[in-house]
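Below: the structure, in structure tokens.
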Protein chains: 2
Amino acid sequence: MPSQNPFQLFESEKPRLVKKGEVLIKSGQKASEAFYVVKGCLRSYMVDAKGKEHIYQFAPEDWIISDLEFFKNKGVAFLTIDAVENSEVKSIPTSRIFNITAEDPALVQEAFNKFQNRVYALQQRVIQLLAYSAEERYQEFIKTYPNLSNRLPLKMIASYLGLTPESLSRVRKELVKGR
Amino acid sequence: MPSQNPFQLFESEKPRLVKKGEVLIKSGQKASEAFYVVKGCLRSYMVDAKGKEHIYQFAPEDWIISDLEFFKNKGVAFLTIDAVENSEVKSIPTSRIFNITAEDPALVQEAFNKFQNRVYALQQRVIQLLAYSAEERYQEFIKTYPNLSNRLPLKMIASYLGLTPESLSRVRKELVKGR
DNA sequence: CTTTTTACTTGATTTATGGTAAGAAATAAA
DNA sequence: TTTATTTCTTACCATAAATCAAGTAAAAAG
């Protein structure tokens, strides 16, 4: 969810420092915050029955990240959110995002744009998971997020793409050979 | 994108009849409409390089369906939308959805709810594609959309779940045996 | 109805990706 | 630095799902 200017909704909030690895929202927890990343990178993920992590989203600078399941799920977070790097974030209760109707129309417009971008990004993600091979998904990832692909450990990119680290390592090897 | 009451935005539109198989938006086409399904069922899908269809979304009664890529893609539709059954639909230009700021606050609130539901549904979909096996995805589908699973041909459900019809047929066979 | 087309099933085989394991490289900690 | 920990690579093998192929069932068209 990138934006030209920091989202107005977060403007008045004080940024907070979070250390690499620090957990901001824990799955099963009864809290719901949305985070705006000023600096660094957060991620959201779920852990399956076998203990394997599946990364749903990365949020580098200027992105917003939260767990929307909250509303559907009796106020219990479904995803875990933690910091991939030492970061600086602003936060608001998620509920505020859905209660801005009466406020500034510019804010409403801004929220619409965010939602539009978000739905668009998710559409891309679903299509890629449905229709693309491991190699195609990886190539698309580095094309779409060139900045992220050199900052993130391979195993996290693999998790985001629905692959094992071993498979992504092999894919990468093939790509190098191919040039 | 289900809703309690038909979305206000579509209220004043005249419903139009579409026949099973009729194409409403064609990939590559320079049109962008959002459809509200009064009766029947629509779907959106993309066709990959090998000619294989991948279904992104189904829209039965009371759902909204459109191609958001439009905005990002120089006004060219990425997905194709057609009718899975004889249907009755209302439509508006997609752009209207993003230009309702100045109008009725209730409308804005309604749009927020739709977006929230949509992002939530997409989150579920991504997580399932990342973390679930063929069998788990199918079971989740019939649990989440019990009504849809008996109306749709198996091959479309397979496409939606990212499977071949052969694989889904086998999954189904195993499930019957298991009981 | 009868015919034609499309959808579904099932078996045999292949393929892409996963799992295991061990070592190398890189990063973090001491 | 040196050591410890984590990440990445690579080889070998396993497996879920895809592909191919052929037949059956069901739906649409005549």
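Sequence lines set the chain letters: A, B, ... in the order given, protein chains first and strands last, and positions in each chain run from 1.
In this structure, Arg170(B) atom CZ and dA16(D) atom C1' are separated by 11 Å, rounded to whole Å. Lys173(A) has its NZ atom 12 Å from the C1' atom of dC12(D), to the nearest Å. Residue Lys50(B) contributes atom NZ, which lies 14 Å from atom C1' of dC20(D) at whole-angstrom precision. For the pair Arg137(A) CZ and dG18(C) P, the computed distance is 8 Å after rounding to whole Å. Atoms CG (Leu130(A)) and P (dA18(D)) sit 11 Å apart, rounded to a whole Å. Taking atom CG of Leu168(A) as the reference point, atom C1' of dT10(D) lies 14 Å away to the nearest angstrom. One atom, CD of Glu174(A), and another, P of dT17(C), lie 12 Å apart when rounded to the nearest Å. Counting to the nearest Å, the P atom of dA28(C) and the NZ atom of Lys19(A) are 14 Å from each other.
Under the 4.5 Å side-chain criterion, counting only non-hydrogen atoms from C-beta, Ile81(A) is not in contact with Arg43(A).
Salt-bridge check for Glu85(A) with Arg151(A): passed, with a basic side-chain N closer than 4.0 Å to an acidic carboxylate O.
Side-chain polar atoms of Glu136(B) and Ser133(B) form a donor-acceptor pair below 3.5 angstrom. Between the side chains of Tyr132(A) and Asp48(B), no donor-acceptor pair of N or O atoms lies under 3.5 Å. Counting only N and O atoms by type, the side chains of Ser91(A) and Glu33(A) include a donor and acceptor under 3.5 Å apart.
Screening Tyr160(B), Tyr45(B), Tyr145(B) for a ring-ring contact (aromatic ring centres under 6.0 Å, His included) with Phe58(B), the sole residue that qualifies is Tyr160(B).
Dashed line: the shortest gap from a side-chain N or O of Lys20(B) to OP1 or OP2 of dA28(D) is under 4.0 Å.
Remark: the backbone N or O of Thr80(A) is not paired with any side-chain donor or acceptor of Ser27(A) at under 3.5 angstrom.
Residues Glu135(B) and Arg172(A) both approach DNA chain D. Their nearest nucleotides, taken by heavy-atom distance, put Arg172(A) toward the 5′ side.
Of the residues in residues 146-167 of chain B, Gly162(B), Leu163(B), Thr164(B), Glu166(B), Ser167(B) come within less than 4.0 Å of DNA chain D through at least one heavy atom, sorted by number.
Each of dA17(D), dC8(C), dT19(D) was ranked by its minimum atom distance to the side chain of Lys52(B); first place goes to dT19(D).
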